[in-house]
Structures are given as structure tokens and as C-alpha cells.
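Labels below follow one simple rule: chain letters A, B, ... track the order of the sequence lines, proteins then strands, and each chain is numbered from 1. Quantities reported herein were computed from a predicted structural model and do not represent experimental measurements.
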2 protein chains.
Amino acid sequence: MKVLIADDDPQILRALSITFTASDYDVVTAGDGAAALRRAAEHHPDIVVLDLGMPHLGGIDVIHGLRGWSSVPILVISGRMDSIDKVQALDAGADDYVTKPFLTDELLARVRALTRRRLPVREEAGAAFGDVRVDLVAKSVVRTTDGADIHLTRTEWRLLETLMLNAGRLVPQEILLTEVWGPQHVSDSGYLRLYIRQLRKKLERDPGSPRHLLTEAGMGYRFVPG
Amino acid sequence: MKVLIADDDPQILRALSITFTASDYDVVTAGDGAAALRRAAEHHPDIVVLDLGMPHLGGIDVIHGLRGWSSVPILVISGRMDSIDKVQALDAGADDYVTKPFLTDELLARVRALTRRRLPVREEAGAAFGDVRVDLVAKSVVRTTDGADIHLTRTEWRLLETLMLNAGRLVPQEILLTEVWGPQHVSDSGYLRLYIRQLRKKLERDPGSPRHLLTEAGMGYRFVPG
DNA sequence: GACCGCCGTGAGGAAAGTGTGAGGATCGGC
DNA sequence: GCCGATCCTCACACTTTCCTCACGGCGGTC
């Protein structure tokens, strides 16, 4: 998790750096508004902690600048307690506002709250290979040649998911059976072969000689992307 | 925009209701923790304003209860200024923490900041497909062939909304049930099928072979726009 | 070259899941 | 209390999915 801290007071900057570093954040600092915008563009932080009272390019300007292209959470720190300042900063696009002096425990908790919300919106897990593009989150397969949707059943998804999450690695049959059919599956692997075939039929260009869902005789199967 | 306000002090409850109503929010109130959870499940608010100091089922419990099934933004109001209380509430899943006494301007600004994050999704929420145009914000469905209004019930809207906000993605039955019928829905999915049918009857050109509200046996349903 | 383990293939029936129709319970407005 | 709209229950037909079984091919081993 990467945090950008922007403050014109070197002492506060230093103190906050130590605080966040101690909590296992990667810290990027900026001493003024212009630097904050530059740093944000370079480093793509997960959260921005911003002092409102910076000279030249002020905090509000930085918020506007950031919001032009980024939706990164912004936590504003300010000495001003006036309601008008808070409203202005929040409506400009800030997500939280803390007044000095503040306790580091609270600041860290607020940062956690802000970053937590972004986590579930993780990027699409998936891959494109052969003639298809697979999205594990949306549970969709699209054939890239003609854009047609390819339908997979529940068991097919579970199997493909297990293989794709171990892309490139050999996955033993025992593991596949456990992941797809649960811990008390039947030892015989008849249906595993069946579903591998189904996946090849649906995903491989030439199911007869698969290029991505490979068999390793006596051991298991391997998914090779690309 | 709908706000759920939970506070055991009727005076504060009343004052906040007036404040939010004056800002064009739909207001739902709850006098204790248990009522707050019930109301949230019924009304699906866009934001929850929660007093931490309620008897019996306290604010922290309500946060935990809500977070079990909902990601609605939660703003906590509390008389306690201790850092420990703030950290506890924020880490339990609250998104913001305001101490009494507070200025209503600031409270409203913070509520705006919290709801803003969801807006971009909702603003462009709506789509035209098949013979209909659906507007999730205005809650209106118009048949494009003859301009006739199509009426949907509350439950039908919730179901359609959940599906459309996840357009293209497979939505598991469990998620649909939780989003539409609340966290303690009956496990059997008899009525889910019923309402899917209702939606198809009203929205699909040929309800017998749906093109936009698709079934994925054993997994869930998927809304496909276009 | 015959045996043997392993994998791919095809078809078909059991099981699970879904669509459908009718009808009863519940709620709110008049 | 009546009525219509809405929500939910139940039983049954149908579709999809899952799994079983038997057979043929391939490669390694003796």
C-alpha cells in the first residue's frame, strides 16, 4: 500500500513518514502542491494525505488537479477548523478531513477506512489465450474471433479457475479433484477427464491437440497462457 | 438519495431528519440498533448515519451487522472523542466518524463525500436493450416501440438494479437474495425464480427465450445489455 | 509384440436446477 | 371492511448439468 504525503512543513512531513513507514506503508513525500501532483502522477499512490495550507499551489488546487484524472482517496489535514474550509475541501473532492492536532492512531484508522473501500473493486482477473478471453470475476468467456459468448457450467468454471490460478504450474489430479469436487471425492478420475475435455472443446482452437490445457500423464494437468 | 438515521435520542433524530429532508434526502429513522438493522434491510439506504451510543445493540454491533451483507457507507456520530472509540468504529467498518457537537454543514459535506463515490456508477445507470429503455435513477421503464410506460414493483426494481449494476457479470443467487430480500432471507430460491420471470415478462421481447436476463444453472443470473 | 496403465471419446440415464401455472397470504388506500 | 396490488407458496413439467459405463488409442515395459 503506497501513500503520498504532501505538507510544506518538513517536520510534519518527517513525522508522518515515520508513522506510515512503521505501519508498513510505502511512503512518497511532496513539499508543495506542484510536487504533490507530479508525485501522484509518477507513483500512483493508493491514498493521498494532503495538507491544506501549502503556499503557491494550495491544497484545494491539488484536489482539483488530482480529481481531473484520478479517483485516489484524499485525506486532508488542516489547521483550520472552520466549517467553511471543511465543506470546501470535501466538496472539491476530498474524502476525509482531519484537523490538527490529531492523534496518529485516528489518522491511521481513517486511512485504513478509505483504502478498504477500494480493495473489493479489484481488477478483472483473467487472461486471453488462443481464440478466447476469460474473465474469472465476471465469469465470462468471449471468443475473440467473432465476439461470441461461450457458456461454461459451474463445474467447468471451478476446474478452469483452479488451473488458471496456478497458471504455468503443474496441478496434480488430487488437487484438482479436491478443489472442484470437495475433499471427499471419489478416487476414480473419470469425470476429471470428462471436464478437461469439455473445457478443451470450448476453449481450445484444436481440441484434438490442445495448446493451453495440457495433460501430464500420471501426474495432472497444466494451464499455459499466451 | 435515501439516508438511514439511527439515534436513540428522539430530539437529535428529529433535528437530523429535518436537516436531511431540507437537503432533499429521503429519510428513514431508527430509534435503536435492532431497528437500524431491520430498516436497512427493508429500505436499502444509500448512506447510514449512526449514533454510536445506543443502548442494547450498540453502534459497533450495528456496523458489524450491516457489514455482514452490505457495503453501504456508514457515518458514525458519537459524543466520545477518545481515539480508541474512533479507531474501533472505523476498523469495524465505518467510513467516517464525527464527534458531537458538530455543524450540520460539515455533516452534510461528509455525507456528500461518502455518497459521491457511488454516484458515477449510478449516474450513468440505465440502459436500452431489446424493446425497452431502463433508467435506474428515475426508476422508469419505457417501451421504445410505442413509448408506453412499464410499471415495475419495488421488489422487481431491486432485483433489476442489482443485475444491471453488475451488467455483464454473473451474479450468484446468494448475492441476489441478499441484495433484494436482506441478509436473513429464506434459503430456498423459489421467489427469486418468480421475480426473474416477472422481469422477463415485462422487459424481454420473447420471455420464453430471454436475451438479456440470462440463467446460469447452478450459479446465478446475468444481465447482458445491448 | 503382447501386456498394462493411462488418457480421450461417445452415448445415455440420474440428479439437480429452472420455468410455469394457479392460488393463498399480506399490505395499504379508500 | 373491501378491494386491488404485491408478495409469496406449492406442485409439476421441463431443461440443464452431472456422472457412469464401456470402448479405443497411445506410449511405456518386459
Query raised in the report: D:dA5 phosphate, OP1 or OP2: any side-chain N/O from B:His151 under 4.0 angstrom?
Result: no
Query raised in the report: How long is the line joining NZ of B:Lys202 and P of D:dT6, in whole Å?
Result: 7 Å
Query - d(CZ, B:Arg193; C1', D:dT16) in whole Å - result: 14 Å
Query raised in the report: When you look at CD1 of B:Ile18, are more than 12 heavy atoms from neighbouring residues, nucleotides or ligands closer to it than 6.0 Å?
Result: yes
Report task. May I ask you to evaluate whether B:Thr215 reaches the phosphate of C:dG19, defined as a side-chain N or O under 4.0 Å from OP1 or OP2? Result -> yes
Requested in this report: Using whole Å, report how far OH of A:Tyr191 lies from P of D:dC21.
Outcome: 12 Å
Query raised in the report: Phosphate oxygens OP1/OP2 of D:dC7: is one of them under 4.0 Å from a side-chain N or O of B:Tyr195?
Result: yes
Query - Protein-nucleotide distance (B:Met219, atom CE; C:dA16, atom C1'), rounded to Å - result: 14 Å
**Report entry** Contact under 4.0 Å: B:Trp181 side-chain N or O vs D:dC8 OP1/OP2
**Finding:** yes
Query - Earlier contact from the 5' end, DNA chain C, for A:Gly208 and A:Arg154 - result: A:Gly208
Query raised in the report: Strictly by modelled atom types, are A:Thr215 and A:Arg200 linked by a side-chain donor-acceptor pair under 3.5 Å?
Result: yes
**Report entry** Side-chain N or O of B:Gln173 closer than 4.0 Å to phosphate OP1/OP2 of C:dT18
**Finding:** yes
Report summary line: Separation of C:dG8 atom P from A:Glu204 atom CD, nearest Å, is 12 Å
Report summary line: Assign each of B:Glu216 and A:Arg197 the nucleotide of DNA chain C bearing its closest heavy atom; nearer the 5' end lies the nucleotide of A:Arg197
Query raised in the report: Does a nitrogen or oxygen in the side chain of A:Thr155 sit under 4.0 Å from OP1 or OP2 of D:dT17?
Result: no
Query raised in the report: If you measure from the Lys or Arg side-chain nitrogens to the Asp or Glu carboxylate oxygens, is any gap between A:Asp105 and A:Arg112 under 4.0 Å?
Result: no
**Report entry** For atom CG of A:Leu177 and atom P of D:dC19, their distance in whole Å
**Finding:** 11 Å
Query raised in the report: Is the shortest distance from a Lys or Arg side-chain nitrogen in A:Asp131 or A:Arg211 to a carboxylate oxygen in the other one below 4.0 Å?
Result: no
Requested in this report: Send over the distance from B:Leu194 CG to C:dG23 P, rounded to a whole Å.
Outcome: 15 Å
Query raised in the report: Which whole-number value in Å describes the distance from B:Leu192 CG to C:dG17 C1'?
Result: 12 Å
Query raised in the report: Can you tell me if the side-chain N/O atoms of A:Thr153 get under 4.0 Å from OP1 or OP2 in D:dC18?
Result: yes
**Report entry** side-chain N/O A:Arg200 vs C:dT9 OP1/OP2, d < 4.0 Å
**Finding:** no
Requested in this report: Answer yes or no: does atom CG of A:Asp24 have more than 12 heavy-atom neighbours from other residues, nucleotides or ligands under 6.0 Å?
Outcome: no
